[in-house]
Amino acid sequence: QVQLVESGGGLVQAGGSVRLSCAAVGRVFRECAVGWFRQAPGKERELVAALSADGARAHYADSFEGRSTISRDNGKSMAYLEMNNLKPEDTAVYYCAAAVNVGLPVMRRTYDYWGQGTQVTVSA
């Protein structure tokens, strides 16, 4: 069992940056791949980035490549997502998710555990 709690969202001006954190409780976290997803109003939840359990491999969705960085600290049971050059269309609820014993999952249905999400609002 893994419990995930996101933090770090808020109101950001366009062009700014945000660093989201995901605190995990549960001894299997270090065995889990981690993903960050987002869901805007009226839209489906989509992958932003995923990171393998050992942090060695990362995958970014095309629209986030080059302006997002996913990372983790297994010693602290934390995962992070930093996003730069934010745009109003990045406004969404951002979710942290964990997948047990899966290499680098990019499909939402692969993830076993989800946080409650943190709101990021980007003003023009």
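The residues of the chain are indexed from 1 along the displayed sequence.
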>> Is the shortest side-chain heavy-atom distance between Leu20 and Trp36 below 4.5 Å?
In response: yes

> How about Asp90 and Arg38: do any of their side-chain heavy atoms sit closer than 4.5 Å?
Replying inline: yes

>> Name the residue from Met83, Gln119, Glu6 that meets the side-chain contact (heavy atoms from CB on, under 4.5 Å) definition with Tyr94.
In response: Met83

> More than 12 non-hydrogen atoms from neighbouring residues, nucleotides or ligands closer than 6.0 Å to CD on Gln116, yes or no?
Replying inline: no

> Regarding Arg45 and the six-membered ring of Tyr95, is the cationic atom NZ or CZ under 6.0 Å from the ring centre and inside 45° of its axis?
Replying inline: yes

> Is it true that Met107 and Phe37 fall in one hydrophobic cluster, defined by side-chain heavy atoms closer than 4.5 Å?
Replying inline: yes

> Would you say Leu81 and Val48 make side-chain contact, with heavy atoms under 4.5 Å?
Replying inline: yes

> Stepwise, does the side chain to side chain contact (heavy atoms under 4.5 Å, CB included) test hold for Leu11 with Ser123?
Replying inline: CA-CA 7 Å; Leu11 180 63; Ser123 62; 4.2 Å; yes

>> Can you tell me if Glu89 has over 12 outside heavy atoms packed within less than 6.0 Å of its CD?
In response: yes

>> Give me the atom names and distance for the closest heavy-atom approach of Ala50 to Pro105.
In response: CB-O, 3.4 Å

> Taking all non-hydrogen atoms of both residues, which atom of Ser17 and which atom of Val12 are closest, and how far apart?
Replying inline: O-CG1, 3.8 Å

>> Please give me the minimum heavy-atom distance between Cys32 and Ala98, naming the atom from each residue.
In response: CB-CB, 3.9 Å

> Could you give the distance from OG (Ser77) to CZ (Arg30), rounded to the nearest 0.5 Å?
Replying inline: 6.5 Å

> Between Tyr80 and Ile70, is any pair of side-chain heavy atoms under 4.5 Å apart?
Replying inline: no

>> Rounded at 0.5 Å granularity, tell me how far CD in Glu31 sits from CG in Asn74.
In response: 10.0 Å

> Does the side chain of Arg108 come within less than 4.5 Å of Trp114's, by heavy atoms?
Replying inline: yes

>> For Gln13, I'd like to know if atom CD has over 12 heavy atoms of other residues, nucleotides or ligands within 6.0 Å.
In response: no

>> For Gln39 versus Ala92, what's the shortest heavy-atom pair and its separation?
In response: O-CB, 3.4 Å

>> So Gln1 and Val25, do their side chains get closer than 4.5 Å, heavy atoms only?
In response: no

> Yes or no on side chain to side chain contact (heavy atoms under 4.5 Å, CB included) for Val5 and Gln3, after CA distance, side-chain angles and deciding distance?
Replying inline: CA-CA 7 Å; Val5 179; Gln3 295 178 330; 5.7 Å; no

>> Under a 3.5 Å distance rule, please check whether Ser52 uses its side chain to pair with a backbone N or O of Leu104 as donor and acceptor.
In response: no

> Looking at Tyr60, is Arg67 sitting on its ring face, NZ or CZ under 6.0 Å from the six-membered ring centre and within 45 degrees of the normal?
Replying inline: no

> In terms of hydrophobic clusters joined by side-chain contacts under 4.5 Å, are Val2 and Met78 together?
Replying inline: no

>> Pair Val34, Cys22 - check side chain to side chain contact (heavy atoms under 4.5 Å, CB included), show working.
In response: CA-CA 10 Å; Val34 171; Cys22 175; 5.6 Å; no

> Any donor-acceptor pair under 3.5 Å linking the side chain of Ser68 with the backbone of Glu65?
Replying inline: no

> For the residue pair Leu47 and Ala61, what are the closest heavy atoms and their distance?
Replying inline: O-CB, 3.3 Å

>> If I compare all heavy atoms of Thr118 with all of Gly8, which pair ends up nearest, and what's the gap?
In response: OG1-N, 4.3 Å

>> Quick one, Val18 and Leu86 - any side-chain contact, counting heavy atoms below 4.5 Å?
In response: yes

> Would you say Val100 and Val102 make side-chain contact, with heavy atoms under 4.5 Å?
Replying inline: no

